[in-house]
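Okay, structure first, notes after.
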Amino acid sequence: MKEKVLFIYLLVLILAGCTYAPLPKQNGNEGTEKKLTNEETESDKTFLLIGVDTRGEQKSRSDAIILAKYSPEQEKLKLASIMRDSYVKIPGNKSGYNKINAAYYYGGRELLKKTIQENFDVKVDHVAVIDFQGFVKMVDLLAPEGVAVNVDQEIIDDMSIQASVGKNVLHGEEILKYVRFRHDDESDFGRVERQQEVMVQLKTAFINQISSFEGMAALPSIIEQGLSYLDTDIGLKTIMEMGPKAVFHTPDTVETLRVPVEGSFKDEIYPQSGAVLEMDCTENKKALQEFFSK
């Protein structure tokens, strides 16, 4: 089985999502305004953040699937991790249902977007994809001083991490090993928690890095370099225009959710999919909708 990998979305999320985005032009549609919730505005953006483990193959599965939503009016940042073994209906797939990470294998980002929309009724505005080599470079770019994490002996032994038990400051390659680890009782559930933990720390490290005059001066080159590690539909011009606002409008806290939610799934095995998390789709759709609407 291939090694699994987290992808880090942070450059796009901070520099494009966590800013005040301009309201879209009406283009003659003044009479067809979108209905918004009490807290939602037209500048709210939802990002689909995809991590893939590619080793030269034409096709690969997504091993990290994260929805990130930023509401600028409320200055709220929310991350929802969808576990890769979640058993969902994949549009156009001959077998109907499969693990959600198979959607990327069958039809790339567009099919994964469509799968998420049809199963959870979540519209995705932008997508970013990164592989594990890009992840390593992105971590060192956003947090050059490293990321502080607690490491236990099980992770050290299994992943050959150069660290001691307890809190360590790790860099790109070692952080990659830290978020890939899943060979304990928590399996992929613990892996998702470590993904979200590292994301939050990278957010803080990056904002600290660009908060000084020197950091702001270096911001354009950081953005351009970071984009070279990503495959994204967000243009450099857009990010360059919005990026500096991230320093002044970044939320202090990040709210997180894991899908499927606790008590809403069971372990099953299907011939075409192997071991899956068969979930209550109605309950998880409701949980995700409520999480993003609060």
Side-chain angles (χ1 to χ4, degrees), residues 1-15 47 49-57 59-66 68 79 81 83-84 101 104 128-210 215 218-219 221-232 254 256:
M1 183 180 293
K2 292 183 178 180
E3 297 288 349
K4 305 307 178 182
V5 63
L6 162 73
F7 95 101
I8 280 295
Y9 65 93
L10 201 63
L11 187 71
V12 170
L13 186 61
I14 292 296
L15 300 183
F47 298 84
L49 313 162
I50 308 169
V52 297
D53 181 1
T54 56
R55 301 170 187 266
E57 308 95 335
K59 290 185 175 182
S60 60
R61 294 192 177 221
S62 51
D63 289 316
I65 303 168
I66 301 170
L79 304 178
S81 298
M83 297 191 69
R84 62 198 177 124
N101 69 345
Y104 187 82
V129 183
I130 195 169
D131 63 20
F132 67 90
Q133 291 299 329
F135 164 79
V136 169
K137 295 175 181 177
M138 188 73 83
V139 168
D140 288 336
L141 175 67
L142 301 181
E145 301 300 318
V147 179
V149 294
N150 280 305
V151 184
D152 61 31
Q153 193 64 52
E154 205 165 9
I155 295 178
I156 292 172
D157 293 340
D158 187 80
M159 302 303 293
S160 299
I161 292 179
Q162 299 301 311
S164 56
V165 175
K167 181 158 285 189
N168 292 259
V169 175
L170 304 181
H171 296 269
E173 290 282 358
E174 300 301 297
I175 286 293
L176 174 62
K177 295 177 181 179
Y178 175 76
V179 297
R180 281 169 53 194
F181 175 73
R182 62 187 181 88
H183 297 145
D184 62 4
D185 292 340
E186 295 185 331
S187 186
D188 277 343
F189 294 92
R191 185 169 170 267
V192 165
E193 289 182 5
R194 285 187 291 277
Q195 290 175 7
Q196 294 181 342
E197 171 199 1
V198 168
M199 288 179 187
V200 173
Q201 289 214 47
L202 282 174
K203 167 190 169 291
T204 302
F206 177 65
I207 292 301
N208 290 340
Q209 182 185 170
I210 64 172
L219 185 57
S221 64
I222 294 175
I223 295 173
E224 189 169 7
Q225 185 176 349
L227 283 177
S228 70
Y229 307 142
L230 295 168
D231 180 9
T232 179
V254 179
T256 62

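Model, not experiment: these values are computed from the prediction.
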Test side chain to side chain contact (heavy atoms under 4.5 Å, CB included) on V139 and L176; report intermediate values, then the result. CA-CA 9 Å; V139 168; L176 174 62; over 6 Å; no
Distance in Å, [X] [atom1] paired with [Y] [atom2], rounded so as to fall on 0.5 Å steps:
X    : Y    : atom1 : atom2 : answer
D157 : Q153 : CG    : CD    : 4.5 Å
L79  : L49  : CG    : CG    : 8.0 Å
L141 : Y229 : CG    : OH    : 5.5 Å
I130 : L230 : CD1   : CG    : 4.5 Å
E173 : Q133 : CD    : CD    : 6.5 Å
D231 : D131 : CG    : CG    : 10.0 Å

I need the minimum non-hydrogen distance between [X] and [Y], along with the two atoms involved.
X    : Y    : value
M83  : V192 : CG-CG2, 4.2 Å
I66  : S81  : CG1-OG, 3.9 Å
I156 : V165 : CD1-N, 3.8 Å
N101 : S62  : CB-O, 2.8 Å
V149 : Q201 : CG1-NE2, 4.1 Å

Side-chain touch [X]/[Y], heavy atoms, less than 4.5 angstrom:
X    : Y    : answer
E197 : Y178 : yes
I161 : I155 : yes
L202 : I175 : no

Do N168 side-chain atoms and L170 backbone N/O form a donor-acceptor pair below 3.5 Å? no
Between the side chain of Q209 and the main-chain N/O of L142, is any donor-acceptor distance below 3.5 Å? yes
N-O pairing of K177 and E174 below 4.0 Å: yes
I'd like to know whether CD of E145 has more than 12 heavy-atom contacts from other residues, nucleotides or ligands below 6.0 angstrom. no
I222 and F206: side chain to side chain contact (heavy atoms under 4.5 Å, CB included), yes or no, with the steps? CA-CA 10 Å; I222 294 175; F206 177 65; 3.8 Å; yes
